[in-house]
Number of protein chains: 2
Amino acid sequence: MTTTTAPTTRMASDERRELVLKAATVVFGQRGYAGTTTDAVAAAAGVSQPYVVRIFGTKEKLFLAVLKRALDLLLGSFRAALASDSPGTVGYRIGAAYVDLLSDRGLLLSLMHGFVLGAEPEIGRVARCGFLDVYRFLKNEAGLPAAEAADFLAHGMLMNTLVGMRMTDDYESDPDARELLQGALQTKLPLLLEVTNGPGSSASTAS
Amino acid sequence: MTTTTAPTTRMASDERRELVLKAATVVFGQRGYAGTTTDAVAAAAGVSQPYVVRIFGTKEKLFLAVLKRALDLLLGSFRAALASDSPGTVGYRIGAAYVDLLSDRGLLLSLMHGFVLGAEPEIGRVARCGFLDVYRFLKNEAGLPAAEAADFLAHGMLMNTLVGMRMTDDYESDPDARELLQGALQTKLPLLLEVTNGPGSSASTAS
DNA sequence: GTCTATACCAAGATAGAC
DNA sequence: GTCTATCTTGGTATAGAC
């Protein structure tokens with residue numbers, strides 16, 4: 001599949017970089033690191049394949065950049081949720097922020113793919129380091145006790161897994177899938193269903 | 001990399017199949033679906049690459065077979081733990097069985113890779129179905145309430161993630177990694193450290 | 001049942017024009 | 001800054017011998 005690209009408008013390298021990173025996040029989130037081709041990323045970003053390589057050097061460096069960006073956004077949104085004065089406990093507010101991130105298609109899934117690739121030296125390093133940063137945030141900044149922080153992470157991993165396997169596809173047809181999704185996502189489930197299955201897939205968003 | 005294979009001893013197809021599945025489980029667990037080459041599997045199994053393809057038809061079918069086998073073993077070991085008369089609550093006993101499976105290098109990690117590949121039609125189907133089977137087991141056979149079953153799954157996913165990212169590599173050097181691993185794995189941590197980091201990496205197994 | 005040899009394609013990366 | 005063209009490698013799958 002060769003990318004058909006109309007003579008693209010020039011833009012500052014920082015802008016283009018971010019554009020490609022966004023596109024790459026979606027594709028990596030869907031297909032994983034090895035399963036993603038630089039050509040697919042290029043197509044999603046609307047640029048040529050060699051240009052993607054040109055910007056980031058190698059596919060691995062691109063993936064690492066995606067991971068770092070995702071971790072930055074994640075912690076940024078956690079910090080915002082912590083600072084905000086919305087109702088609920090600290091854990092609840094950060095949890096809500098996490099679920100909101102699930103709608104940023106690919107962000108948490110790209111992370112997830114990175115997390116299970118500890119055997120790749122570079123990727124593993126970034127994954128472990130990033131994961132620990134989140135753990136430290138939960139304990140030191142959000143003030144959660146160790147057990148609660150681990151619990152938070154555990155449920156985050158469950159959500160990632162459910163989304164990654166597209167369990168939402170079985171939401172209509174399988175009562176157990178429905179129950180599990182409801183248990184894991186609570187009030188945020190309608191949001192996720194809307195994002196993944198398109199508008200109108202849940203009973204009602206607000207009425 | 002071409003596989004160097006000494007004139008291999010013949011064996012029944014079922015035996016050889018299981019042998020290749022075991023090897024494939026390890027490699028897929030390490031590198032994921034797309035990241036694994038049939039040649040690497042062949043090398044690990046000590047057979048030729050075309051033979052691996054010959055047995056399973058395609059790489060995808062091989063991976064699906066790995067997933068199904070892993071799910072069978074998982075549920076089998078859960079049922080055994082449930083039936084056994086070892087001490088502890090049902091949740092504890094099944095949890096212990098799960099952690100024991102972590103030492104079967106690759107089994108849970110292959111599953112994990114399958115779980116986050118919901119976009120692949122076949123793999124996604126098997127993943128969702130298998131995951132729901134486990135959920136149903138926890139509720140219907142083990143008798144856990146929905147919330148506890150979800151909690152169990154959540155912590156399972158956290159363990160898979162920690163093992164997949166090789167967090168055990170940071171066990172010595174990073175106090176937070178140590179704490180997180182201890183919190184997630186409890187009394188089973190020494191077992192895991194022995195498997196991943198080699199004997200003697202934890203304080204003591206028994207004394 | 002198992003191998004060797006190989007066809008064939010996909011994908012990452014490079015060269016170089018504009 | 002961005003593209004087209006292309007080199008090169010590696011990897012799945014097939015053919016066919018033993």
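Owing to the predicted nature of the structure, the values given are computational and were not obtained by experimental measurement. Proteins come first, then strands; the chains are lettered A, B, ... in the order of their sequence lines, and each starts at number 1. FYI, side chains are in, hydrogens and waters are out, and symmetry mates aren't considered; it's all heavy atoms of this structure.
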inquiry  = Could you work out how much the helix from C:dG1-D:dC18 to C:dC18-D:dG1 bends, comparing the axis of its first five pairs with that of its last five, to 10°?
reply    =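 Answer for the end axes of this duplex: 10°.
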
ask   = Where the side chain of A:V53 is concerned, which of C:dA13, D:dG1, D:dA13 is the nearest nucleotide?
value =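 Between C:dA13, D:dG1, D:dA13, the one nearest the side chain of A:V53 would be C:dA13.
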
key: Sequence-distant partners of A:D104, side-chain contact (heavy atoms from CB on, under 4.5 Å), two or more places apart   =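 Only A:L107 meet the side-chain contact (heavy atoms from CB on, under 4.5 Å) criterion with A:D104.
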
message = According to ring pair (Phe, Tyr, Trp, His ring centres under 6.0 Å), who are the partners of A:F78, at least two apart in sequence or on a separate chain?
response =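 Expected list: A:F137, A:F152.
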
task = Could you check if a side-chain atom of A:V99 sits within less than 4.5 angstrom of a side-chain atom of A:Q186, using non-hydrogen atoms only?
result =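 No, their side chains stay 4.5 Å or more apart.
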
ask   = Should B:K59 and B:V53 count as side-chain neighbours, where that means a heavy-atom distance under 4.5 Å?
value =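 B:K59 vs B:V53: side chains apart.
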
Quickly work out the [X] [atom1] to [N] [atom2] distance and round it to whole Å.
| X | N | atom1 | atom2 | value |
| --- | --- | --- | --- | --- |
| B:R31 | D:dG10 | CZ | P | 14 Å |
| A:D39 | C:dA13 | CG | P | 13 Å |
| A:Q49 | D:dT6 | CD | P | 15 Å |
| B:Y51 | D:dT12 | OH | P | 18 Å |
| B:K59 | C:dC9 | NZ | P | 18 Å |
| B:L19 | C:dG1 | CG | C1' | 14 Å |
| A:I55 | D:dC3 | CD1 | C1' | 12 Å |

query = Just by distance, do the side chain of B:R128 and the backbone of A:M167 share a donor-acceptor pair under 3.5 Å?
reply =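 No; judged by distance alone, with no hydrogens or angles, the pair does not exist.
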
ask   = Does B:V26 offer a backbone N or O that forms a donor-acceptor pair with the side chain of B:R105 under 3.5 Å?
value =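 Side chain of B:R105 to backbone of B:V26: no pair is present.
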
query = How long is the gap from CG on A:L117 to OH on A:Y33, to the nearest 0.5 Å?
reply =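 Output value for this atom pair is 8.0 Å.
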
Look at [X] and [N] and indicate whether a side-chain polar atom (N or O) is within less than 4.0 Å of OP1 or OP2.
| X | N | answer |
| --- | --- | --- |
| A:S48 | D:dT2 | no |
| B:T38 | D:dT12 | yes |
| A:R16 | D:dG1 | no |
| B:T37 | D:dG11 | no |

ask   = Salt bridge check: are B:D133 and B:R136 linked by an N-O gap of less than 4.0 Å?
value =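 Between B:R136 and B:D133 there is a salt bridge, with a charged N closer than 4.0 Å to a carboxylate O.
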
task = Taking only heavy atoms on the protein side, list every residue of residues 60-70 of chain A lying under 4.0 Å from any atom of DNA chain C, sorted numerically.
result =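 Listed by number, there are none.
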
Could you list the protein-to-nucleotides 15-17 of chain D atom pairs, N/O on both sides, closer than 3.5 Å?
residue	atom	partner	partner atom	Å
D:dG16	O6	B:R54	NH2	3.2

request  = Carefully, step by step, assess B:L144 and B:K139 under the rule side-chain contact (heavy atoms from CB on, under 4.5 Å).
outcome  = CA-CA 5 Å; B:L144 297 184; B:K139 283 201 311 164; 5.7 Å; no

ring-ring contact (aromatic ring centres under 6.0 Å, His included) contacts touching residues 96-125 of chain B (sequence neighbours left out) =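 Pairs touching residues 96-125 of chain B that pass the test: B:F115-B:F131.
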
ask   = Looking at A:L67 and A:I123, what are the two nearest heavy atoms and their distance?
value =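 Taking every non-hydrogen atom into account, CD1-CG2, 4.1 Å.
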
request  = Check the pair A:T36 / A:F63 against side-chain contact (heavy atoms from CB on, under 4.5 Å), numbers first and verdict last.
outcome  = CA-CA 10 Å; A:T36 293; A:F63 187 59; over 6 Å; no

